[in-house]
Amino acid sequence: MKKSMKALTVTSTFLLAASLLAACSKGEVRTQSTDSSKQPAQTAQAIEKKYKIRAMNILYGAAPPDSSTGKKAIEDRYNIEFDYIPVAAGEYNNKMGVTLASGDIPDTVLFPYLDAIYFNAIGSDQFLPLEAYLADSKNYPNLAKLPKEVMDTLKNKGHIYGIPRLRGIPGATLVMRKDWLDKLGMKVPTTYDELYEVMKAFKEKDPDGNGKDDTYGLAAGVNSGAGINGAYPFVSLMASMKAGPSVGWVEDGKGGIVPGEFAPNNKAAIGYLAKLYKEGIIAKDFAIKKDQQVEDDFLLGKAGVVANWGYTGFTPERLTKAKAANPKFEMIAIPPLKAADGSDGGYVKSSGFFGVFALNKDLLKDEGKLKKVLKILDDQMGDEGANFFKWGVDGIHYKTDNGQKAVTDLGKTEGPNKYQLTNHANEGEWILSSADTPETTKLKQNSFAVAMQGKPYTSQEVGLFSQTYADKGAELYKSTVDGVVKIIVGEKPVDYLDQMFDEWKTRGGKQVLTEMNEAWRARK
């Protein structure tokens, strides 16, 4: 299942974690020599010229057609020849490396993560500092309204090199089978003890009514969604006590930050998971389960709880799949669970964006083309442009009946949204897609609200960079995964986390801590 957001996570992320127990990627970077504040003013004549605009974007699913009604509509809207370059997610890092090394860089390029590739790229003097343009509310009113907390995250030595693809601030939550809960006559859990009782009942009391012992409480596995170098998919994280660990780094209570798996109260989180495993509430083969298997375990009726599912995860496709297996299927996002001392828990907030579009520095050679690219990105963040990309052209990509818009078959396969770069801020109606049904609309809206209840907290590592972690992340990751698995399956006691942390530091983690904390303090 997809995450709301994938920014740099220096810690591994066990699928259970960020939500269940949240409540519940590098060399010395050189500052660009170009100062955007000193660029010449753009001319109206130049902006009206028809340009060929090349844009490289990450692709999930099937690639859109090279030629289509949606692409033609975009070209007509902006008076451009649009060379859209979609690259499959699994191939994106390799393609990025080849593209940057070749020097043949598109006008705008998506960096999905603020990782080693990104930081080395912006230090190579190939991309344009954007802060002056982003402050130009007259020409780029939507760019000028980008959230300050997001833009502060993107600052590097005083400059901003990327225009973010905005996402909602609410993060992932714990999600549960409501029909199972109702059938067993149980209430929505409010504490971790109550959650345990619910999951135990899902394991033992035949919630699907087939008379077989074939269900378990929690759908869990190893997240193959990767991250930098494929290095960060695993550990359970729990924020049950005020400021607990998150998907990434958290404050350590001593004036610094640490990876979430080594946060002060993570022993409680790992111990909780070990108990679930021992009692069969987690599948015995969880450690070899990948993303799709975990998702299917929940949707197809093997498990009653799934974690790390943001509001964007409530899609018509998933709901259709689940109801095909069981027409009575219902799910619900669970409010954050209270801490052991009775205080409010909270889910981790997202970074508010997923990836940034950087602009080729060569655009300075043609001020009209530069302004065209900025206008395109600005337009897609505004109401009018966002509506165009959401629905397309009336009579082609959607039809209106009794005041209600409905996407056509052509709109589903080749609408403008298939070629979209950035987007409107995800809030209000903009958290919904044209494909949403009344049921998925309600689920998304509920999840969006629930994720911000209690005391939501923020991962501290977004936008920070450690060269040592870029070099040694895979090794550090492997040691963490191995150790956490050993604890969960009962091969090691929970206090083994202390030994893991010591070993992590001797393998390079100590320098990682230094570099990350220096970057964190500099940003503050």
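Keep in mind that what you see is a predicted model, and the values were worked out from it rather than measured.
- For the pair L421 and L377, the minimum side-chain heavy-atom distance is below 4.5 Å.
- With values rounded to the nearest 0.5 angstrom, L100 atom CG is found 8.0 Å from I117 atom CD1.
- Remark: K444 fails to qualify as a cation-pi partner of Y311 under the 6.0 Å distance and 45° angle criteria applied to the six-membered ring.
- Residues in residues 97-112 take part in these side chain to side chain donor-acceptor pair (under 3.5 Å) pairs, two or more places apart or across chains: R54-D104, D107-K369.
- Within the 6.0 Å centre-distance limit, the rings of F127 and F111 are counted as a close aromatic pair.
- Residues passing the side-chain hydrogen bond (donor to acceptor under 3.5 Å, both in side chains) test with K321 are D296, sequence neighbours excluded.
- Here L464 contributes atom CG and S459 contributes atom OG; the two are 10.5 Å apart, rounded to the nearest 0.5 Å.
- N326 places a side-chain N or O within donor-acceptor distance of the main-chain N or O of K328, the cut-off being under 3.5 Å.
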* **Derivation and outcome, side chain to side chain donor-acceptor pair (under 3.5 Å), residues Q380 and T422** => CA-CA 6 Å; Q380 294 182 22; T422 189; 5.9 Å; no
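- Listed by chain and number, the residues in a side-chain hydrogen bond (donor to acceptor under 3.5 Å, both in side chains) with W391 amount to none (sequence neighbours excluded).
- Atom CG in L143 sits 8.5 Å away from atom CE in M151 (nearest 0.5 Å).
- Ion pairing between a basic and an acidic side chain is recognised when a charged N comes within 4.0 Å of a carboxylate O; K375 and D378 show no such pairing.
- Partners of K71 according to the salt bridge (Lys or Arg N to Asp or Glu O under 4.0 Å) rule, which considers only residues two or more places apart in sequence or in another chain, do not exist here.
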* To do: Could you check T437 against E439 for side chain to side chain donor-acceptor pair (under 3.5 Å), going step by step and ending with a plain yes or no?
  => CA-CA 5 Å; T437 65; E439 188 169 6; 5.5 Å; no
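- Between H397 and K412, the closest side-chain pair of non-hydrogen atoms is not below 4.5 Å.
- F82 contributes atom CZ, which lies 8.5 Å from atom CD of E75 (distance to the nearest 0.5 angstrom).
- You'll find the side chain of P64 reaches within 4.5 Å of the side chain of L59, heavy atoms only.
- The distance from the CE atom of M331 to the NZ atom of K178 is 13.0 Å, given to the nearest 0.5 Å.
- The environment of D66 atom CG is sparse: at most 12 non-hydrogen atoms of other residues, nucleotides or ligands sit within 6.0 angstrom.
- None of Y84, Y78, F389, F388 except one satisfies the ring pair (Phe, Tyr, Trp, His ring centres under 6.0 Å) rule with Y419; the exception is Y84.
- The existence of a salt bridge linking E295 and R318 is confirmed by a sub-4.0 Å separation between a basic side-chain nitrogen and an acidic carboxylate oxygen.
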* To do: With side-chain contact (heavy atoms from CB on, under 4.5 Å) as the test, would you mind laying out the steps for D383 and W430 before giving the verdict?
  => CA-CA 9 Å; D383 289 354; W430 299 105; 4.0 Å; yes
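- At a threshold of 4.0 Å, the pair D179-R177 counts as salt-bridged, since one of the basic side-chain nitrogens sits closer than that to a carboxylate oxygen.
- A donor-acceptor contact shorter than 3.5 Å is absent between the side chain of K95 and the backbone of I58.
- For the side-chain hydrogen bond (donor to acceptor under 3.5 Å, both in side chains) test, residues two or more places apart in sequence or in another chain that qualify with E414 are T69.
- With sequence neighbours left out, D76 forms a side-chain hydrogen bond (donor to acceptor under 3.5 Å, both in side chains) with K72.
- Within the model, atoms CG of N142 and CG of L166 stand 10.0 Å from one another, a figure rounded to the nearest 0.5 Å.
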